[in-house]
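On a predicted model such as this, the values are computed, not experimentally measured, just so you know. All values below were derived from every heavy atom in this structure, side-chain atoms included, with hydrogens, water molecules and symmetry-related copies excluded.
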Amino acid sequence: MSLAAPVAPLAAHPLLIFLLALVVLLVLARLLGRLAERFGLPSITGELLTGVLLGPSLLGHLAPGFTAWLLPSEPAQMHLLDAVGQLGVLLLVGVTGTYLDPRILRRQGKAAALVSLCGLIVPLGLGIALGLLLPSSVTAGEKASPLVFALFLGVAMCVTAIPVIAKTLSDMRLLHRDIGQLTLAAGMIDDAVGWLLLSVVAAAATIGISAGGITLSVLYLIGFVVFAATIGRPLVRKIMNVAARSAAPGPAVATAVIVVLTGAVITHALGMEAIFGAFVAGLLVAGSPEAQVKLAPLRTIVLSVLAPIFLASAGLRMDLTALGDPSVAITAAAVLAVAILGKFGGAYLGARLGKLSRREGFALGAGMNARGVVEVIIALTGLRLGVLNTATYTIIVLVAIVTSLMAPPLLRLAMNGVEYSEEEHLRRIDHERWQGARAEDPESDYERPAAA
């Protein structure tokens, strides 16, 4: 009887580089995050710039030898960082889902649906129109027809980024506000539909569009949501309640992580994005008030360690030096204008149709505009499929950076004029309790309402 040799462990040098890269990413992300806070910006601003500074956009040109040593181009080495980043983003989205208040969805579900619908249709239409007008010599990849490229650009314009929105709202202490809750709800709908559209366009670029394939994807999406609402909700609540009986937070934390990752596994296996499953699983975890208080250690490690690493690593593949070409720069300006105005205008229109105020519409438009790493993932997909060339990939990455960095100051400007409600005050107290902070503590993470 012969036994197969065990898989060899990670070699000493790759392990050293991996650990060093994690340390450098986390240290720089935390430092730049604190620096951003000194200038009145949320820490996510500095965390997003970390990868840009360490990657080919800056350090790769100033010190290519050091960059090549610290961040080798070998896929296996980068995949180690990708794995940590993926764990971070899934837990970040799952933790954010635990903050979503179902009461506001019952009360303002129509507004959230209108914001999402208009925030999808307007930028999608404008993106497709722009894609048909742009010269293919500058934009489209070698394997893409003009129509496929236009459809792909439309999808890239209409998506939002729940991970970036979640971190932005958390940094700005807006998760307990109604606007924060509506932004998360509308953003989640956008992301679900956006990933569905991306799969359709990807299929069109490779094997062509199939009515059967689209129908199956829609059925999977609906089936997962129905299963989560009917069977998953009471099941997860019972499991979390049992875990919360322990005096120590460990069982509740471990169980929540298992539930979130299981949701991600299910949706990914069904051909949807893992982020969607993680967020829905977070909503299910929120159904156990007893467990919410025990999850403070998980929220701390995710928001302080894993999320900064994920956001920092997102910029490592970005090379913005291609914008030095005038034709690429002009195209980038046009795409960026369509991305910002289309998403902002669509979300604002949906908010007004949903009977929200101008200030609330402005805030929703600002929050929904953040594209972040979701846009980067779409750009990488387009590059891999041959729909995008290097120039267009860089342009879409630029959209991701600019929209993510402009969202926080615009949100702060808009929220200065949105009155604080009693329900938001009560929700803030709940959030503080879940984080281990007391509402009457003057050093609590959440800002006090002026009128509360």
Other residues, nucleotides and ligands only: do more than 12 of their heavy atoms fall within 6.0 Å of CZ on Phe18?
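For Phe18, atom CZ is crowded (more than 12 foreign heavy atoms under 6.0 Å).
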
Please tell me if the side chains of [X] and [Y] come closer than 4.5 Å, counting only heavy atoms from C-beta onward.
| X | Y | result |
| --- | --- | --- |
| Ile266 | Thr262 | yes |
| Val115 | Tyr348 | no |
| Val305 | Ile309 | yes |
| Leu153 | Ile128 | no |
| Val260 | Val95 | no |
| Leu26 | Pro308 | yes |
| Ile395 | Val328 | yes |
| Ile179 | Leu364 | yes |

Please report the shortest heavy-atom distance between [X] and [Y], naming the atom on each side.
| X | Y | answer |
| --- | --- | --- |
| Val399 | Ala339 | CG1-CB, 3.7 Å |
| Cys118 | Leu353 | SG-CD1, 4.1 Å |
| Thr403 | Asn369 | CB-O, 3.1 Å |
| Ala112 | Ala186 | O-CB, 3.7 Å |
| Thr392 | Phe149 | CG2-CE1, 3.6 Å |
| Gly365 | Ala347 | CA-CB, 3.7 Å |

Looking at [atom1] of [X] and [atom2] of [Y], how far apart are the two atoms once the value is rounded to the nearest 0.5 Å?
| X | Y | atom1 | atom2 | result |
| --- | --- | --- | --- | --- |
| Leu219 | Phe224 | CG | CZ | 15.0 Å |
| Phe310 | Glu47 | CZ | CD | 11.0 Å |
| Arg233 | Lys238 | CZ | NZ | 14.5 Å |
| Met240 | Arg245 | CE | CZ | 12.5 Å |
| Leu59 | Leu54 | CG | CG | 6.0 Å |
| Leu295 | Thr255 | CG | OG1 | 9.5 Å |

Do we see a donor-acceptor contact under 3.5 Å between the side chains of [X] and [Y]?
| X | Y | result |
| --- | --- | --- |
| Arg299 | Ser304 | no |
| Asn241 | Ser288 | yes |
| Ser116 | Asp190 | yes |

Hey, is the main chain of [Y] close enough, under 3.5 Å, to the side chain of [X] for a donor-acceptor pair?
| X | Y | value |
| --- | --- | --- |
| Lys294 | Ser246 | yes |
| Thr160 | Ala370 | yes |
| Lys343 | Met368 | no |
| Gln292 | Thr98 | yes |
| His268 | Ala264 | no |

Dump the intermediate steps for side chain to side chain contact (heavy atoms under 4.5 Å, CB included) on Leu235 and Ile239, then the final yes or no.
CA-CA 6 Å; Leu235 179 62; Ile239 293 173; 4.0 Å; yes

Side chain to side chain contact (heavy atoms under 4.5 Å, CB included) for Leu174 and Met415? Distances and angles first, verdict last.
CA-CA 9 Å; Leu174 293 177; Met415 292 303 295; 4.1 Å; yes

Output, in order, the C-alpha distance, side-chain angles, deciding distance and verdict of side chain to side chain contact (heavy atoms under 4.5 Å, CB included) for Leu356 and Leu182.
CA-CA 11 Å; Leu356 299 179; Leu182 286 174; 4.1 Å; yes

Can you check side chain to side chain contact (heavy atoms under 4.5 Å, CB included) on Arg237 and Val285, steps first, answer last?
CA-CA 7 Å; Arg237 181 189 299 156; Val285 171; over 6 Å; no

